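The next block holds one structure in the form of structure tokens; read it before the comments.
The chains referred to below are lettered A, B, ... by the order of the sequence lines, with proteins before strands, and numbering in each begins at 1. Please read these numbers as outputs of a predicted model, since none were measured by experiment.
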Protein chains: 2
Amino acid sequence: MKNVADKAGVSISTVSLVMNNHDSGRVKTEIAAKVRKIANELGYRPNPMARSLRTSKTSILGFVAEQISSFPYVAKMLQGAQDAASKLGYVVLFVTSDGSTSQEEQTAALQRYGMDGFLYSQPSSQVTEVPDDLVHYPLVLIATNTVDNRFPIVESSEFDIGYDATKRLIDSGAKRIAYIGNCVPTIAQATRLEGYREMLYKAGIPFDDNLLANVSHNDEALNAVEHLIETQHPDAFFCYDDARAWYVYECAARMGLSVGRDISVIGVGDDKTVSDTFTPKLTTIELPYYEMGYWAVCKLVSLIEKQSEGVMFPKDLIPLPPLDSPIPARIHCRLIENESIVS
Amino acid sequence: MKNVADKAGVSISTVSLVMNNHDSGRVKTEIAAKVRKIANELGYRPNPMARSLRTSKTSILGFVAEQISSFPYVAKMLQGAQDAASKLGYVVLFVTSDGSTSQEEQTAALQRYGMDGFLYSQPSSQVTEVPDDLVHYPLVLIATNTVDNRFPIVESSEFDIGYDATKRLIDSGAKRIAYIGNCVPTIAQATRLEGYREMLYKAGIPFDDNLLANVSHNDEALNAVEHLIETQHPDAFFCYDDARAWYVYECAARMGLSVGRDISVIGVGDDKTVSDTFTPKLTTIELPYYEMGYWAVCKLVSLIEKQSEGVMFPKDLIPLPPLDSPIPARIHCRLIENESIVS
DNA sequence: ATGAAAGCGCTAACAA
DNA sequence: TTGTTAGCGCTTTCAT
């Protein structure tokens, strides 16, 4: 910074003003330009440590998650969070309590670094409390079911998932669409079913609850699916998850039916790689983990920056990036603020 | 810090010395104790930003990985790395280039924060170069196949995996053990096969390459496995990965054989949760991702601290923590330094 | 419109 | 054995 100042023939305070975009109406335009040019040439990068020492703003976001290291999707949420953060000039520190270190220890470590805000995810069907450590920070929840409505929540839009899955099946010619659901009454289970019903209704197909099978796992599930196929002869299946899709595959194989020819199967999955391995020809709707992470960071940063000064977002920030997926995951993602759905 | 100094009636430099454990032979023992006590009471936590501004040591480790967010195991490596790091007073910043942000951008962000060292993982069968950005830092590679022998590598010990898997099958009474391998000649493929052969040899079972099937995927794999079962009648299978194990399941189902009764199956898997869903009754050997992450950090920190001063490790640091797994993953992990296997 | 200077919390060389 | 002091790189108030 001193080098830049010297080379530009100005003082370091001027450089500081320019580099922080606080120069409008304060520094002569041409000088500002010169400073920027020289800073660029010299490859000057502000030292974030020094900056945060002064401002007590670290540009570090904490991402706290529980019970998560055993699932494939963490990486995706993290990825989305990273991407958004990096576009906004932040960095994400990830922490989970799954390992041998307790979450208190871990968040303690985080606290010392002085996060600017936190992402918290507890992707279970249980209603959970937000950890006390976090409530005094700007905070955004991801896929977390809580009664605490103080914080914005980014979650998947299960209704849309059910709706879209059913639509695809109908579009491809299916008439009798079975829903292989989860016997545990999760929010996803109920809401996807609503989406399914709504789409059937729109398509003029009568809802028939003989085509529903809410199953648990293993033999029980296999028997239920087998029975459903035998008695109802569905031509398509919408499955709650990879495991449920797999039961359909297994039964189809046993009964001499071929997926893709005799029946269509669409399912919700955590990870396409996994689905492709065990259930080839399954059309997988991936849960929008990447998008949730991405969006949550966008929201969190807006919270943080509103709280201080109104810094503008880089222009190239795309709230939700386009995806390769034929079913755009972006529509399966929504933000809740104070109990009202914003988007 | 100033508060602590005032309350203890000493100067801040004394406090600094004590807090950094530089007090032996410099500060009177009782004063040191007093300072520590008061610091504790006041809940004093050193500000890492200020510290690193002064020392240009950040206590942040960068974890750079490529092509990784689509796999379940990242989270485990990260977890292991986090646990070790947190025990050693470090924090891990994870970065992958999978998302929309390029790796250069991401590592640039990391560089500015001034990592103390890096973990790098490129878990492909291809031989890769270490990124130029990283070579000037203390660096440890994880599960990465490279010709560059300047850096220590932590990887899974594929020989042991093959050996153990075969041993378990033999111990449970198997006589004709098939190996369902990968037709792509990966290192893991070759080395596990060596372990398999070695164990057979030790058990006095002749090696029979009719019991080998190196397969790719889908129908080709299914046919090959079916053929092997029909012609060789193996009583046990050692499978290269989840997918190969699944082909055995599928064929067994088609041929009326029951896994666990008629045949035993053991397989290497990335993730037990996934295996349990699709291949129940499979004995899964999980790859030691957690351990690799953990151990890599231990090594990296020792590199970093040797380079500066010889700071001691916390006493409660267990190089590799005990696992619940019936097959201890620790034995499947090894460290390579300068082309020679250390441990 | 620009510069001088104080100080964020800490470390380490030097003085006492 | 302990205290004094000079910065680490940056932001920001206050003069100019």
Practice item. State which residues pass side-chain contact (heavy atoms from CB on, under 4.5 Å) with A:Y90; sequence neighbours excluded, sorted by chain then number. Key: A:K57, A:S59, A:L61, A:A85, A:L88, A:D116, A:V301, A:I304, A:E305

Check your understanding: Okay, side chain of A:T144, backbone of A:Q122: is any donor-acceptor separation there less than 3.5 Å?
Key -> yes

Under 3.5 Å, N/O pairs linking protein and nucleotides 2-5 of chain C:
| residue | atom | partner | partner atom | Å |
| --- | --- | --- | --- | --- |
| C:dT2 | OP2 | A:K28 | N | 2.4 |
| C:dG3 | OP2 | A:S11 | N | 2.7 |
| C:dG3 | OP2 | A:S11 | OG | 3.2 |
| C:dG3 | OP2 | A:T14 | OG1 | 2.7 |
| C:dA4 | N7 | A:S13 | OG | 3.4 |
| C:dA4 | N6 | A:S13 | OG | 3.1 |

Exercise for review: Keeping the roles fixed (side chain from B:T128, backbone from B:T146), state whether a donor-acceptor pair exists under 3.5 Å.
Suggested key: no

Review point. Rounding to a whole Å, what distance do you find between B:K2:NZ and D:dG3:P?
Key: 14 Å

Residues 42-49 of chain A, side-chain donor-acceptor partners within the protein, below 3.5 Å, at least two apart:
| residue | atom | partner | partner atom | Å |
| --- | --- | --- | --- | --- |
| A:N47 | OD1 | A:M49 | N | 2.7 |
| A:N47 | OD1 | A:A50 | N | 3.1 |

Practice item. Please state how far atom NZ in A:K57 lies from atom P in D:dT12, giving the value in whole angstrom units. Key: 11 Å

Revision key, fill the gap. Here the distance between atom C1' of D:dT2 and atom NE2 of B:H22, to the nearest Å, is 16 Å

Exercise for review: Find out whether A:Y290 and A:D83 are in side-chain contact, i.e. whether some heavy atom of one side chain is under 4.5 Å from a heavy atom of the other.
Suggested key: yes

Review point. Which atoms form the tightest heavy-atom contact between B:V4 and B:V35, and what is the distance?
Key: CG1-O, 4.1 Å

Check your understanding: Between D:dT11, C:dA12, C:dC10, which one does the side chain of A:S16 approach most closely?
Key -> D:dT11

**Study point:** B:E41, CD atom: more than 12 neighbouring heavy atoms under 6.0 Å
**Key:** yes

Practice item. List in numerical order all residues of residues 46-55 of chain B for which some heavy atom is under 4.0 Å away from an atom belonging to DNA chain D. Key: B:L53, B:R54

Practice item. Measure from CG on B:N21 to C1' on C:dT11 and round the result to the nearest Å. Key: 14 Å

Practice item. Take the C1' atoms of the five end pairs on each side of the helix from C:dA1-D:dT16 to C:dA16-D:dT1, derive the two axes, and give their angle rounded to 10 degrees. Key: 50°

Practice item. Working to the nearest 0.5 Å, report the span between CZ of B:F151 and CG of B:L141. Key: 7.0 Å

Exercise for review: Measure the shortest side-chain to side-chain distance between B:M19 and B:V15 over non-hydrogen atoms and say whether it is less than 4.5 angstrom.
Suggested key: yes

Point to revise | Atom-pair distance (CG on A:N20; C1' on D:dG9), nearest Å | key: 12 Å

Point to revise | Spacing of B:E30 atom CD relative to D:dT2 atom C1', expressed in whole Å | key: 13 Å

Exercise for review: Please list, chain by chain and in numerical order, all residues satisfying salt bridge (charged side-chain N to carboxylate O under 4.0 Å, His left out) with B:R36, sequence neighbours excluded.
Suggested key: B:D23

Point to revise | Sub-4.5 Å side-chain heavy-atom contact between A:I142 and A:Y289 | key: no

**Study point:** Nearest-Å distance for atom pair OH/C1', residues A:Y44 and D:dG9
**Key:** 7 Å

